[in-house]
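None of the values given here were measured: they were computed from a predicted structure. Every chain is numbered from 1 and lettered A, B, ... according to where its sequence line falls, protein lines coming before strand lines.
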There are 2 protein chains.
Amino acid sequence: MDKKEEILKTALKLFVEFGFHATPTSKIAKEAGVANGTLFHYYKTKDELILALYAHTKSRLTEYMYANASKDESLELVFKSIYTNTIEWAQENKAEFYFIQQFSTSPFYGLITPEEITKQAKPHLDFLQDGIKVAVIKPMPVDLLYTLINSHIAGINQYLSSQEFSTPKQKKIINESFQLLWDMIT
Amino acid sequence: MDKKEEILKTALKLFVEFGFHATPTSKIAKEAGVANGTLFHYYKTKDELILALYAHTKSRLTEYMYANASKDESLELVFKSIYTNTIEWAQENKAEFYFIQQFSTSPFYGLITPEEITKQAKPHLDFLQDGIKVAVIKPMPVDLLYTLINSHIAGINQYLSSQEFSTPKQKKIINESFQLLWDMIT
DNA sequence: ACATTTGTAGACTGATTAGTCAATCATTAT
DNA sequence: ATAATGATTGACTAATCAGTCTACAAATGT
């Protein structure tokens with residue numbers, strides 16, 4: 001078992017349940033089954049652990065977003081695939097997705113450099129910019145577009161998490177809400 | 001000067017800057033210009049202070065949302081008024097709005113009873129339900145509708161806060177994004 | 001074989017924190 | 001006037017926490 005990963009996994013779980021500062025490093029170490037010093041061997045400070053966890057989780061999401069997105073499909077189908085993948089991942093990794101949101105609306109987010117944020121958003125913005133260039137997506141600032149899409153997804157995810165839906169019902173909601181979003185931006 | 005209010009004001013500022021647990025009650029008291037004991041005289045625990053601050057801030061927003069919303073206007077105009085008011089308030093009270101979001105995506109949100117959340121959302125849901133009944137708004141679960149609208153507003157607010165826009169430019173963005181939202185739900 | 005680095009452990013510490021307490025001060029009611 | 005209640009103070013404490021330190025074990029390179 002990889003202790004470094006075990007620490008991240010446990011930290012995620014506890015941060016989501018209790019919050020960043022209400023989760024002592026000692027508790028993370030104990031529940032991860034490692035010694036106190038081991039945690040600080042891998043992560044020099046608690047902040048570093050939190051930032052590493054965010055980077056790790058965010059990249060896992062990004063990877064999944066673009067899974068099986070063949071470039072041959074139409075822009076709409078590619079976009080729908082990304083949309084669906086994102087919501088699927090969020091539903092299957094609720095704690096992870098919640099953690100990303102929790103982190104993003106916390107002072108820790110300020111520790112990430114603007115460059116890193118820009119770099120992270122770049123591929124998505126390029127994709128959207130292309131959609132505008134080929135006159136499929138309405139002309140508007142890509143930043144605005146990007147934010148609207150992200151918020152929409154966050155909203156759908158929140159709704160899906162608020163109750164227990166059967167899988168087909170859930171699929172139906174995702175399809176219909178995608179149509180709402182797609183109609184809004186095209 | 002009202003010390004109780006001074007404590008809330010200072011707590012808001014510090015929570016937004018440093019986070020809940022990274023803000024000691026001693027610091028709040030000192031910066032609010034009151035003694036340590038005074039803080040605990042008004043709020044038995046730190047949690048109680050945090051919850052009181054959330055309730056206070058949320059109710060200030062709700063109050064502003066429905067300001068000058070005459071019931072004589074069309075549903076669209078009333079809705080637009082609420083929409084515009086909300087974004088205006090968020091822009092003029094950035095720390096407050098950010099605090100609400102920060103609180104909502106933190107474990108503290110779990111301390112609020114479901115009844116309280118339901119009660120809080122009731123008037124908004126009723127308004128939307130009415131819009132569906134008179135066949136102005138598309139038929140869909142009001143919870144979903146409500147979440148989509150909230151997310152949309154959060155997104156627009158985030159975009160407006162990301163750069164400095166001139167007042168007319170800002171008004172234009174609000175109007176256009178309202179149209180996007182309105183077209184999406186009707 | 002041996003040296004060097006890397007991983008792991010857990011007791012320990014100095015600093016910090018939420019909350020208490022006993023004592024005044026201010027205000028209001030009788 | 002006097003009692004009673006509420007407001008305010010700041011020193012104090014018991015608990016907790018992030019991070020250190022020393023020691024040893026495992027792996028890796030030479």
Side-chain angles (χ1 to χ4, degrees), chain A residues 1-57 95 99 102-103 105-113, chain B residues 1-57 95 99 102-103 105-113:
Chain A
M1 67 196 91
D2 187 354
K3 306 219 168 195
K4 205 172 165 183
E5 196 133 337
E6 199 65 32
I7 291 168
L8 285 184
K9 213 178 83 186
T10 308
L12 177 91
K13 190 189 129 202
L14 294 175
F15 286 155
V16 164
E17 187 173 356
F18 302 108
F20 295 110
H21 289 89
T23 303
T25 52
S26 57
K27 198 172 176 184
I28 297 171
K30 187 184 278 179
E31 207 155 318
V34 303
N36 213 313
T38 306
L39 189 151
F40 284 97
H41 173 71
Y42 287 113
Y43 306 99
K44 275 197 277 288
T45 63
K46 190 182 180 183
D47 277 17
E48 193 176 305
L49 165 63
I50 293 172
L51 289 172
L53 180 56
Y54 174 71
H56 177 255
T57 310
F99 172 77
Q102 184 185 14
F103 180 91
T105 53
S106 83
F108 287 103
Y109 193 67
L111 296 180
I112 299 182
T113 63
Chain B
M1 68 196 88
D2 187 353
K3 308 218 169 197
K4 204 172 168 183
E5 196 134 336
E6 199 65 33
I7 292 169
L8 284 184
K9 214 178 82 188
T10 308
L12 176 90
K13 190 189 129 203
L14 295 175
F15 286 156
V16 164
E17 189 173 354
F18 302 107
F20 295 111
H21 289 88
T23 303
T25 51
S26 57
K27 198 171 176 182
I28 297 171
K30 187 185 278 179
E31 207 154 320
V34 305
N36 214 312
T38 307
L39 189 150
F40 284 97
H41 173 70
Y42 287 113
Y43 307 99
K44 274 196 277 290
T45 63
K46 191 181 178 181
D47 278 18
E48 192 176 307
L49 165 63
I50 293 172
L51 289 172
L53 179 56
Y54 175 71
H56 177 255
T57 309
F99 172 77
Q102 185 184 15
F103 180 92
T105 53
S106 83
F108 287 104
Y109 193 66
L111 296 180
I112 299 181
T113 61

Between C1' of C:dT16 and NZ of B:K30, the distance in whole Å: 12 Å

Parallel, tilted or perpendicular: ring planes of A:H21 versus A:F108, cut at 30 and 60 degrees: parallel

Ring geometry between B:F15 and B:F99 (parallel below 30°, tilted from 30 to 60°, perpendicular above 60°): parallel

Verdict with supporting geometry, A:L51 and A:Y43, side-chain contact (heavy atoms from CB on, under 4.5 Å): CA-CA 10 Å; A:L51 289 172; A:Y43 306 99; over 6 Å; no

Rounded interatomic separation in angstrom, taking NZ from A:K46 and C1' from D:dG19: 12 Å

Side-chain N or O of A:T25 closer than 4.0 Å to phosphate OP1/OP2 of D:dA18: yes

Between P of D:dA18 and CZ of A:F40, the distance in whole Å: 7 Å

N or O in side chain of B:K3 less than 4.0 angstrom from D:dG6 OP1/OP2: no

Distance in angstrom units between B:Y42 OH and D:dT9 C1', rounded: 12 Å

Distance test, side-chain N/O of A:H41 to OP1/OP2 of C:dG7, below 4.0 Å: yes

Position toward the 5' end of DNA chain C (nearest nucleotide), A:G33 or B:D47: A:G33

Selected nucleotide, minimal atom distance to B:N36 side chain, candidates C:dT8, C:dT17, D:dA11: D:dA11

Nucleotide D:dA18, atom C1' - distance to NE2 of B:H21 in whole Å: 15 Å

Spacing of A:K27 atom NZ relative to D:dC17 atom C1', expressed in whole Å: 13 Å

Euclidean distance, atom CD1 of residue A:I7 to atom C1' of C:dT8 [Å, nearest integer]: 10 Å

Closest contact, heavy atoms only, B:S26 versus B:N36: CB-ND2, 3.9 Å

Atom-to-atom span, CG of A:L39 to P of C:dG10 - whole angstrom: 14 Å

Per B:P24 side chain, nearest of listed nucleotides C:dA18, C:dG19, D:dT9: C:dA18

Verdict with reasoning, A:K9 to A:E6, per salt bridge (charged side-chain N to carboxylate O under 4.0 Å, His left out): CA-CA 5 Å; A:K9 213 178 83 186; A:E6 199 65 32; 3.8 Å; yes

